[in-house]
Amino acid sequence: QVQLVESGGGLVQPGESRRLSCAASGFTFRWYSMSWYRQAPGKERELVASITGTGNSTNYRDSVKGRFTISRDNAKNTAYLQMNSLKPEDTAVYFCNVMVGTGAWGQGTQVTVSS
């Protein structure tokens, strides 16, 4: 039923930018807040950013404020994470999440920031 598919990850150099996409299906997209999480090897999954259903409000963890922007296009059932000024510490698998039912996760997309 509910499906989230992330894309856009890859290898980038420090200081460069990358936009991640999360294509959603199986629920009324505009009714739900969307979130991006990330998980580095050996570390807990952490919340990166979230956005309300209408896109009127967003939240970010301190370490990405001013660099990352979460957005959504409800007509396309897609959420985005624009990542600028990337740092090696941003290296992780990035996951899309929606709290519908018991919660749904995408498969994740790897972002590696390295010279």
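We use all heavy atoms of the structure for the numbers below, so side chains are in, but hydrogens, waters and symmetry mates are not.
- Judged by distance alone, with hydrogens and angles left aside, the side-chain atoms of Arg61 form a donor-acceptor pair with the main-chain N or O of Leu47 at under 3.5 Å.
- The backbone N or O of Ser25 sits nowhere less than 3.5 Å from a side-chain atom of Gln3 that would complete a donor-acceptor pair.
- A distance of 9.0 Å separates CZ in Arg72 from CG in Asn77, rounded to the nearest 0.5 Å.
- From Arg67, atom CZ reaches atom OH of Tyr60 across 12.0 Å, with rounding to the nearest 0.5 Å.
- Considering CZ of Arg38 and CG of Asp90, their distance stands at 5.0 Å, rounded to 0.5 Å.
- Closest heavy-atom contact between Leu11 and Arg18: O-NH2, 3.4 Å.
- Thr91 contributes a side-chain N or O that, together with a main-chain N or O of Val113, makes up a donor-acceptor pair within less than 3.5 Å.
- Residues Leu86 and Phe68 form a side-chain contact, since some pair of their non-hydrogen atoms from C-beta on lies under 4.5 Å apart.
- A salt bridge links Lys65 with Asp62: the distance from a Lys NZ or Arg NE/NH1/NH2 to an Asp or Glu carboxylate oxygen falls below 4.0 Å.
- Not a single donor-acceptor pair under 3.5 Å links the side chain of Tyr80 to the backbone N or O of Thr69.
- When Leu81, Val48, Asn84 are each tested for a side-chain contact (heavy atoms from CB on, under 4.5 Å) with Val64, only one passes: Val48.
- Nearest heavy atoms, Ser21 versus Trp36: O-CH2, 3.6 Å.
- Classification of the Phe95-Trp105 ring pair by plane angle, with boundaries at 30° and 60°, yields perpendicular.
- The shortest distance between side-chain heavy atoms of Arg30 and Thr54 does not fall below 4.5 Å.
- A donor-acceptor contact shorter than 3.5 Å links the side chain of Glu6 to the backbone of Gly108.
- Rounding to the nearest 0.5 Å places CG of Asn97 at 13.0 Å from OH of Tyr32.
- Cluster annotation: Ile70 and Trp31 are assigned to the same hydrophobic cluster (Ile/Leu/Val/Met/Phe/Trp/Tyr, side-chain heavy-atom contacts under 4.5 Å, transitive).
- Between the side chain of Asn59 and the backbone N or O of Ile51, no donor-acceptor pair lies under 3.5 Å.
- Shown here for Ala24 and Leu4, the closest heavy-atom pair between the two residues is CB-CD2, 3.6 Å.
- Expressed to the nearest 0.5 Å, how far CD of Glu46 lies from OG of Ser63 amounts to 6.0 Å.
- Judged purely by atom type and a 3.5 angstrom limit, Asn74 uses its side chain to pair as donor or acceptor with the backbone of Gly53.
- In plain terms, the two heavy atoms of Val12 and Ser17 that are nearest each other are CG1-O, 4.5 Å.
- Atom CG of Leu20 is separated from atom OG of Ser7 by 8.0 Å, given to the nearest 0.5 angstrom.
- Checked by atom type and distance alone, the side chain of Arg19 never pairs as donor or acceptor with a backbone atom of Gly8 at under 3.5 Å.
- Taking each heavy atom of Gln110 and Thr112 in turn, the nearest pair found is NE2-OG1, 3.3 Å.
- Judged by distance alone, the side chain of Gln39 and the main-chain N or O of Ala92 form no donor-acceptor pair under 3.5 Å.
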